[in-house]
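To start, the structure under review is shown below, and the notes come after it.
Whatever order the structure lists them in is the order used to number ligands and atoms, beginning at 1. Hydrogens, waters and symmetry mates are skipped; everything else that's a heavy atom, side chains included, is used.
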Amino acid sequence: MSALRSLILAAADSSRMQRFVRRYGFRLGAARFVAGESLDAAVPVLRRLNDQGLLTNTTLLGEGVSDEAETRAVVDAYREVLDRIHAEALRTNVALKLTHLGLSIDEEVARCNLAELVEQAAQLGNFVRIDMEESRHVDATLRIYRRLREDGHENVGAVLQAYLFRAEEDLAALLPLAPNLRLVKGAYLEPPEIAYPRKADVDAAYVRLLETSLRADGFTAVATHDETLIEHAISFADERGIPKERFQFQMLYGVRSRLQLDLARRGFDVLVATPYGPEWYRYLMRRLAERPANVLFLLRNLVRA
Ligand SMILES: Cc1cc2nc3c(=O)[nH]c(=O)nc-3n(C[C@H](O)[C@H](O)[C@H](O)COP(=O)(O)OP(=O)(O)OC[C@H]3O[C@@H](n4cnc5c(N)ncnc54)[C@H](O)[C@@H]3O)c2cc1C
């Protein structure tokens, strides 16, 4: 992991930094990565992406909720999101974080909140992806995913992070469920005792996860902007006759937009993860840490403003 990446992720916790970025950040840079501060602002963005031939998911930004009543408000907000997607006939599903639904308070609270949303999504023919957060939440998140699948919910998926040593074992344990899995490199600050510090090792682990997942039953969401990995997925699937319906590419709103369109034109399903909401600070900091050049982008806007 680059020193700059660690520095940005560590600085994200500073309250001074938060105050400064929250005050100026949306106008100066967050708008590149976030579809708006409200659902009303996000809907036209989702529609435009759909019109360009891209699938989308959306997320009400937020995480680490510590008050149970607040998690109910989050559930209500997501119920509205699901209804709105249906009413507007968007090709959009939902991705959410379990700590937004109460995982840091109590696993059962988060599971019940999620089950309610997954049921509503099923009634509307929609799908819910459970994002993966810091390593301390991985066990509970995978337990909840497994429980939902065992309870008969098919319209729910999980995420595995290639930087974690444990990811390959987690994948092997999930494969009997024919899981719908999004594979990512991993966006958090994790210690070298549990996660590969070197990018080359993360990339190699990603290839192993990708090949195992594509070869198995289930569905693989190849969530990366790394063109080498994307082309590897395409040739691997091609050589083994794995149909295009069994995988899709996923990228973030505001990142490598041309590549998103190129892949869609080549006939692949491409989903653009398009979050919204006033709680964009931590999301923005992770995007800056992934590509420290994004900090320059923000600073340039600051100078121009
Ligand atoms: C759809 C989606 C969902 C995700 N969900 C999760 C999740 O649930 N949990 C989790 O831990 N992580 C998640 N991530 C983030 C992921 O873990 C990585 O941090 C992120 O995708 C950057 O890694 P990369 O695979 O693109 O490869 P990298 O090697 O980091 O980047 C490859 C190239 O992509 C471009 N790029 C990458 N990131 C950026 C950026 N922020 N701004 C501009 N250009 C960039 C650059 O050109 C870079 O050279 C998700 C990512 C995507 C795309």
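- Protein residues having a heavy atom under 4.0 Å from any atom of ligand 1 are Arg32, Asp131, Met132, Val159, Gln161, Arg182, Val184, Lys185, Gly186, Ala187, Tyr188, Lys199, Ala223, Thr224, His225, Asp226, Gln250, Met251, Leu252, Val255, Arg256, Ala273, Arg287, Glu290, Arg291, Asn294, listed by chain and number.
- Residue pairs satisfying the salt bridge (Lys or Arg N to Asp or Glu O under 4.0 Å) criterion with at least one member in residues 228-237, sequence neighbours excluded, are listed as follows: Glu231-Arg266.
- Through chains of ILVMFWY side-chain contacts below 4.5 Å, Leu55 is grouped with Leu271.
- Remark: side-chain polar atoms of His225 are paired, donor with acceptor, to backbone N or O of Leu252 under 3.5 angstrom.
- Under the side chain to side chain contact (heavy atoms under 4.5 Å, CB included) criterion, Pro192 pairs with Pro197, not counting sequence neighbours.
- Criterion: ILVMFWY side-chain heavy atoms under 4.5 Å apart, direct or through other members. Under it, Phe219 and Phe236 are not part of a common hydrophobic cluster.
- Side-chain rings of Phe165 and Tyr196 approach one another, their centers coming within less than 6.0 Å.
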